[in-house]
Amino acid sequence: MLGETDKHAEPAPKQREYASFQLQSLTPHIGAEISGLDLAKPLDEIQLRDLETAWREWKVLVLRDQALSSEEHKALGRRFGTLHSHPMHKMKLRGDDPEVLPVITTPESPYTAGDGWHSDVTCDAIPPKFSILHIHETPESGGGDTLFANMALAFELLSDTMKDFLSGLTAVHDGALPYVGAYKSKPPEGGYPQSEHPVITVHPESGERILFVNSGFTSHIKGLSPRESRALLALLFDHIATTPRLHCRVQWEPDTVTLWDNRCTQHHAVWDYYPECRRGERVSVLGEEAPAGPA
Ligand code: SIN
């Protein structure tokens with residue numbers, strides 16, 4: 001979706017040198033691979049600060065050869081805040097531990113979780129700010145990558161007129177869309193969560209403006225007719241899915257751990273490996289505040 005927007009976003013200088021580890025970027029705009037850090041060991045203060053800085057700079061961090069137990073995985077998540085309990089856990093649909101989301105696809109799976117552009121659980125009033133996915137088993141023939149998109153850059157590449165228009169709008173994010181619509185789960189009593197968030201948010205740490213609608217959860221934009229809302233969301237979802245410079249691609253190996261910031265990225269798990277298997281576990285960290293729009 002380029003036009004007036006057919007321009008190069010001004011690249012902000014990003015930090016590449018860290019005391020605690022080595023960092024190699026995956027693309028100039030999003031994603032970095034870190035080596036020289038063992039996530040199973042408690043992070044010291046310098047490692048924690050470096051990891052937070054790299055996370056803010058690169059939005060998606062990939063670490064190889066991290067043989068984390070579930071407890072070590074949760075302990076890592078807790079260094080960044082309170083762990084999130086997934087709404088599907090209430091339905092006993094996803095494992096026994098509310099803080100660990102099994103991510104498992106087998107030949108019997110009717111769907112694979114996250115197979116579409118989304119940010120995690122935006123149906124919650126305060127969605128998880130971070131997610132940390134540990135993949136244990138990858139498909140034998142390859143595949144099963146995860147795509148990530150930089151949603152600050154997605155905002156930046158819109159025309160100024162579109163940015164202004166979107167900045168006053170609010171969207172509804174509905175858990176029934178993926179959990180009932182795509183995953184065919186029976187909703188809990190009272191239904192899955194539904195929340196309203198600004199279409200454009202401000203990242204609480206970086207101050208970046210973020211395009212904050214996603215095809216997984218966003219059902220409609222308030223104040224527009226159903227046709228207008230459908231057309232506008234289709235345009236924005238198309239922008240996110242078909243602008244390759246927004247994206248990086250993570251190729252998993254057994255014991256790869258990837259950390260992403262849900263407040264400024266979206267991701268898409270690629271299910272290209274049927275009938276092979278892919279298994280892992282995700283821990284997410286609650287945000288401190290509801291997503292806020294520009295003042
Ligand atoms: C998800 O958190 O949406 C799953 C991502 C993945 O399995 O790659």
Side-chain angles (χ1 to χ4, degrees), residues 26 30-31 33 55 59-64 66 68 70 73-74 76-77 80 83-89 93-95 97-107 109-124 127-139 142-151 173 175 177-179 181-183 185 192-193 212-218 237 240-241 247-274 276-287:
L26 298 180
I30 178 171
E33 192 158 323
W55 207 339
K59 299 179 170 56
V60 175
L61 300 177
V62 182
L63 293 95
R64 307 287 180 188
Q66 304 289 328
L68 291 180
S70 301
H73 192 171
K74 287 197 290 182
L76 172 67
F80 302 101
L83 298 190
H84 173 263
S85 294
H86 199 278
M88 283 183 91
H89 177 75
L93 291 170
R94 298 285 198 94
D97 185 336
E99 294 176 336
V100 177
L101 182 75
V103 173
I104 298 177
T105 305
T106 68
S109 299
Y111 63 85
T112 195
D115 184 14
W117 283 106
H118 68 288
S119 173
D120 290 328
V121 204
T122 57
C123 57
D124 277 0
K129 60 176 181 178
F130 297 142
S131 291
I132 305 173
L133 179 59
H134 176 199
I135 289 292
H136 308 149
E137 179 186 341
T138 50
D145 297 351
T146 306
L147 307 175
F148 290 89
N150 177 339
M151 300 313 298
H173 296 241
L177 221 60
Y179 305 141
Y183 301 173
S185 80
Y192 281 116
F212 198 72
V213 288
N214 70 83
S215 61
F217 289 97
T218 311
F237 295 161
I240 295 161
H247 304 160
C248 72
R249 186 171 186 122
V250 172
Q251 286 186 308
W252 301 87
E253 294 160 7
D255 284 333
T256 298
V257 170
T258 298
L259 306 87
W260 63 87
D261 186 335
N262 283 299
R263 299 166 299 180
C264 54
T265 64
Q266 291 188 20
H267 55 284
H268 180 159
V270 181
W271 193 13
D272 54 359
Y273 50 89
Y274 177 85
E276 294 180 12
C277 296
R278 179 178 181 267
R279 290 173 215 271
E281 288 182 344
R282 192 183 88 195
V283 164
S284 294
V285 181
L286 261 180

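In each ligand, atom 1 is the first atom listed, and ligand 1 is the first ligand listed. Model, not experiment: these values are computed from the prediction. Reckoned from all heavy atoms, side chains included, excluding hydrogens, waters and symmetry mates.
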W260 to ligand 1, any heavy atom closer than 4.0 Å: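 A heavy atom of W260 does come that close to ligand 1.
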Donor-acceptor contact below 3.5 Å, side chain D272 vs main chain G144: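 Side chain of D272 to backbone of G144: a pair is present.
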H268 ring center within less than 6.0 Å of H118 ring center: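 No, the ring centres sit 6.0 Å or more apart.
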From the candidates Q266, H267, R278, the one that places a heavy atom nearest atom 7 (O) of ligand 1: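 Minimum heavy-atom distance to atom 7 (O) of ligand 1 goes to R278.
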Per-residue contact class, T112 against ligand 1 - non-hydrogen pairs under 4.0 Å: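 T112 to ligand 1: no contact under 4.0 Å from either part.
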Atoms of ligand 1, numbered as shown, that sit under 4.0 Å from any heavy atom of L133: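 Counting from 1, the qualifying ligand atoms are 5 (C), 6 (C), 7 (O), 8 (O).
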Nearest-0.5 Å distance, CD1 of residue I240 to CG of residue L147: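 With rounding to 0.5 Å, CD1 (I240) is 13.0 Å from CG (L147).
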Working for side-chain hydrogen bond (donor to acceptor under 3.5 Å, both in side chains), residues H84 and D124: CA-CA 10 Å; H84 173 263; D124 277 0; 2.9 Å; yes
Separation of L83 CG from S284 OG (nearest 0.5 Å):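 So the gap between those two atoms works out to 8.5 Å.
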For ligand 1, the portion of W271 having any non-hydrogen atom under 4.0 Å away: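 Neither part.
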Residue G114 vicinity, atoms of ligand 1 by number, heavy atom under 4.0 Å: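 So the atoms of ligand 1 that pass are 3 (O).
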Proximal ligand 1 atoms for V103, defined as those under 4.0 Å from one of its heavy atoms: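 Result: 7 (O).
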Within reach of ligand 1, part of D120 (heavy-atom separation under 4.0 Å):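 For D120, only side-chain atoms sit under 4.0 Å from ligand 1.
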Geometric N/O contact W252 with ligand 1, under 3.5 angstrom: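 No, since none of the N or O atoms of W252 sits under 3.5 Å from an N or O of ligand 1.
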S119 (side chain) donor-acceptor with N262 (main chain) under 3.5 angstrom: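 Yes; judged by distance alone, with no hydrogens or angles, the pair exists.
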Side-chain donor-acceptor contact under 3.5 Å, S70 with D97: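 There is no such pair between these side chains.
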Atom 2 (O) of ligand 1: the protein heavy-atom neighbour that sits closest, reported with distance to 0.1 Å: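 Ranked first by proximity to atom 2 (O) of ligand 1 is R282 NH1, 2.7 Å.
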Check: R64 and E33 side chains under 4.5 Å, non-hydrogen atoms: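 Contact flag for E33/R64 side chains = yes.
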Test item: E276 side-chain N/O and G142 main-chain N/O as donor-acceptor pair under 3.5 Å: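 Answer holds: no.
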For A269, the ligand 1 atoms whose distance to one of its heavy atoms is below 4.0 Å: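 Ligand 1 atoms under the 4.0 Å threshold to A269: 5 (C), 6 (C), 7 (O), 8 (O).
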Closest approach of any protein heavy atom to atom 4 (C) of ligand 1, naming residue and atom: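 Looking only at protein heavy atoms, the one closest to atom 4 (C) of ligand 1 is A113 O, 3.9 Å.
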Nearest non-hydrogen protein atom, atom 8 (O) of ligand 1: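 Heavy-atom neighbour on the protein nearest atom 8 (O) of ligand 1: T146 OG1, 2.5 Å.
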